[in-house]
Amino acid sequence: LSDVGHETRGRAAYAPRRKSIVLLVWFFVLMAVGAPAAEQPATWKPHDHPASIERTITGFTRPRRVVVVAAEVPGRVTTVALEVGQRVTAEQSTALVVIDDTQALIARDQAQAALTAAEQAASATALMQQSADAEAALRARTAARTKNLADQGKLSTEEADTALTTADLARIATERAKVATAQAATAVAQAKLDLARANDHLARHRVPAPAGWLVSARMIEPGTLVAAGAPLLRVVDTTTLVIDLHLSVDEFAALRATPSVRLQFPRHAGRTVDATLARFDPDFDPVTRKRRVELDLAGDAAPEAIGGLEAVVTLRMPDPSGALLIPWSYLGAASPRVRLSGGGEQSVTVVRRDSDHAVILPGALPADAILVP
């Protein structure tokens with residue numbers, strides 16, 4: 001009874017192992033013959049079906065445009081509107097940084113006062129010209145009447161000459177008034193130029209920056225003395241992000257042949273976005289034999305509108321080993337051999353499984369070979 005019990009327990013323990021062995025055998029059989037396809041062609045030209053591989057290339061985002069905001073005039077910084085990481089608003093865009101403008105304000109006010117004085121002088125000169133014009137008209141009429149009376153013998157010639165001379169002097173005064181009026185107009189124009197220059201100089205104390213851009217670096221604080229041309233802030237445009245890639249000739253060809261470029265961000269739950277091939281360097285590095293390529297993507301489509309995000313591009317390329325695809329049914333069941341349509345067999349090396357096909361190395365397989373199942 002003891003022996004029977006041991007035999008029964010042994011059979012019970014061996015049954016699951018035997019089932020696993022059978023399943024494993026069937027697995028290898030399926031791997032050898034491949035999954036049955038819905039329909040296989042009668043013949044197969046392996047060289048018409050090159051195998052492909054996927055190659056992943058990693059790049060990092062950066063802003064498309066970067067501007068270093070610099071001082072245009074020397075002086076002491078009085079205001080810095082933003083900290084690093086903040087965006088420039090429309091109100092801040094005209095005076096992101098303010099340099100002490102006290103003297104510039106005084107010069108502007110002086111120019112404004114000079115313009116006002118010039119305009120007042122021009123108005124006075126215009127009135128003087130009107131008066132001279134009226135006086136000249138009166139003297140001309142008087143001279144005409146005096147000459148008429150002298151011609152009739154009612155006045156002496158001396159009186160007529162005096163009236164004519166007075167009319168000439170009034171006309172000369174009118175011309176002098178016209179010159180004074182022109183000079184006053186010139187003075188007004190010069191005063192306006194001086195005011196415009198003063199306003200421009202004042203505006204240069206208020207450093208602008210593009211609205212909507214992000215402050216990425218700040219080199220000054222309130223109270224800092226700066227010279228003309230000194231860098232103050234660096235701002236970046238994050239509406240468009242760029243990814244720089246360095247691609248080989250084959251990788252570049254595969255990228256250009258891709259209908260739409262998909263970027264994957266592995267550190268952001270594998271999020272994928274569309275990108276566009278923006279530009280590429282017409283030259284290439286003679287050492288690495290690679291070409292620099294720029295991909296553009298919208299900042300609002302990226303996980304974050306910042307630089308430094310890791311992005312991956314996956315390219316499907318021809319297998320560099322020259323491997324070919326053949327259906328699994330074209331391989332011999334016992335060994336990796338294929339049958340030629342003209343008769344005979346040829347040994348091949350199976351590299352891997354690709355979907356419903358076997359990936360083989362052609363070896364001595366003729367370029368015009370036609371296979372049959």
Side-chain angles (χ1 to χ4, degrees), residues 46-69 84-88 93 209-217 233-325 351-357 359:
H47 286 279
D48 290 347
H49 303 276
S52 62
I53 61 171
E54 285 189 348
R55 182 166 296 173
T56 58
I57 303 169
T58 301
F60 295 86
T61 60
R62 65 172 175 84
R64 163 61 70 191
R65 296 182 292 174
V66 178
V67 171
V68 175
V69 179
V84 173
Q86 295 180 324
R87 291 193 180 276
V88 182
S93 63
W213 287 33
L214 192 70
V215 177
S216 64
L233 301 170
R234 185 170 66 245
V235 294
V236 297
D237 178 17
T238 57
T239 57
T240 300
L241 298 178
V242 181
I243 295 178
D244 293 313
L245 302 177
H246 291 81
L247 306 179
S248 66
V249 174
D250 293 337
E251 292 167 347
F252 180 62
L255 179 68
R256 298 191 74 179
T258 303
S260 61
V261 181
R262 296 288 293 175
L263 292 175
Q264 184 181 35
F265 294 87
R267 301 183 184 276
H268 293 79
R271 179 175 174 177
T272 58
V273 299
D274 287 325
T276 58
L277 176 58
R279 62 192 67 166
F280 59 88
D281 194 339
D283 200 359
F284 70 102
D285 189 335
V287 177
T288 62
R289 299 287 178 175
K290 291 189 175 183
R291 189 187 308 274
R292 189 175 68 87
V293 175
E294 292 183 2
L295 301 180
D296 277 2
L297 71 151
D300 55 2
E304 297 179 77
I306 59 174
L309 300 180
E310 181 182 359
V312 175
V313 180
T314 301
L315 300 176
R316 181 162 287 278
M317 305 173 53
D319 194 317
S321 66
L324 305 173
L325 295 177
V351 179
R352 64 182 184 274
R353 179 186 180 91
D354 186 357
S355 183
D356 294 329
H357 299 82
V359 180

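The residues of the chain are indexed from 1 along the displayed sequence.
Residues Leu241 and Ala302 come closest through the heavy atom pair CD1-CB, 3.8 Å. Contact record, Ala305 with Gly299: CB-O, 3.7 Å, taken as the closest heavy-atom pair. Of all heavy-atom pairs spanning Pro303 and His268, the tightest one is CB-CD2, 3.4 Å. Closest non-hydrogen pair, Gly85 versus Leu214, comes out as O-CD1, 3.2 Å. Shown here for Ser216 and Val84, the closest heavy-atom pair between the two residues is O-CG1, 3.7 Å.
No side-chain heavy atom of Thr314 sits under 4.5 Å from any side-chain heavy atom of Arg262. You'll find the side chain of Lys290 stays beyond 4.5 Å of the side chain of Leu247, heavy atoms only. Arg292 has its side chain within reach of Asp244: a pair of non-hydrogen atoms, C-beta onward, lies under 4.5 Å apart. Pro320 has its side chain within reach of Ile53: a pair of non-hydrogen atoms, C-beta onward, lies under 4.5 Å apart. Using a 4.5 Å heavy-atom threshold, the side chains of Thr276 and Leu295 count as separate. Side-chain contact between Asp296 and Arg64 is present, with heavy atoms from C-beta onward closer than 4.5 Å. At least one side-chain heavy atom of Leu324 sits under 4.5 Å from a side-chain heavy atom of His47. Between Arg291 and Glu251, the closest side-chain pair of non-hydrogen atoms is not below 4.5 Å.
Between atom CG of residue Leu325 and atom CG of residue Asp48 there is a gap of 11.5 Å, rounded to the nearest 0.5 Å. Taking OG of Ser52 as the reference point, atom CE of Met317 lies at 10.5 Å (rounded to 0.5 Å). From Arg234, atom CZ reaches atom CH2 of Trp213 across 12.5 Å, with rounding to the nearest 0.5 Å. Atom CG in Asp285 sits 12.5 Å away from atom OG in Ser248 (nearest 0.5 Å).
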Salt bridge (Lys or Arg N to Asp or Glu O under 4.0 Å) between Arg62 and Glu294, intermediate numbers included: CA-CA 10 Å; Arg62 65 172 175 84; Glu294 292 183 2; 3.2 Å; yes

Step-by-step side chain to side chain contact (heavy atoms under 4.5 Å, CB included) determination, Val313 to Thr56: CA-CA 6 Å; Val313 180; Thr56 58; over 6 Å; no

Ile243 vs Leu297, side chain to side chain contact (heavy atoms under 4.5 Å, CB included): CA-CA, chis, key distance, verdict: CA-CA 8 Å; Ile243 295 178; Leu297 71 151; 4.1 Å; yes

Trace of the side-chain hydrogen bond (donor to acceptor under 3.5 Å, both in side chains) decision for Asp319 with Ser321: CA-CA 5 Å; Asp319 194 317; Ser321 66; 2.7 Å; yes

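Inspection of the Asp237 and Thr239 side chains reveals an N or O donor paired with an N or O acceptor under 3.5 Å.
Checking each of Val273, Thr272, Leu309 against Leu263 for a side-chain contact (heavy atoms from CB on, under 4.5 Å) leaves exactly one that passes, namely Val273. When each of Asp250, Ile57, Val293 is paired with Leu255, the side-chain contact (heavy atoms from CB on, under 4.5 Å) condition holds for Val293 and for no other.
No side-chain donor-acceptor contact under 3.5 Å links Thr238 to the backbone of Pro63.
Each ring-ring contact (aromatic ring centres under 6.0 Å, His included) pair with one or both residues in residues 234-254, not counting sequence neighbours, appears once here: Phe252-Phe280.
The salt bridge (charged side-chain N to carboxylate O under 4.0 Å, His left out) search around Arg87 returns none, not counting sequence neighbours.
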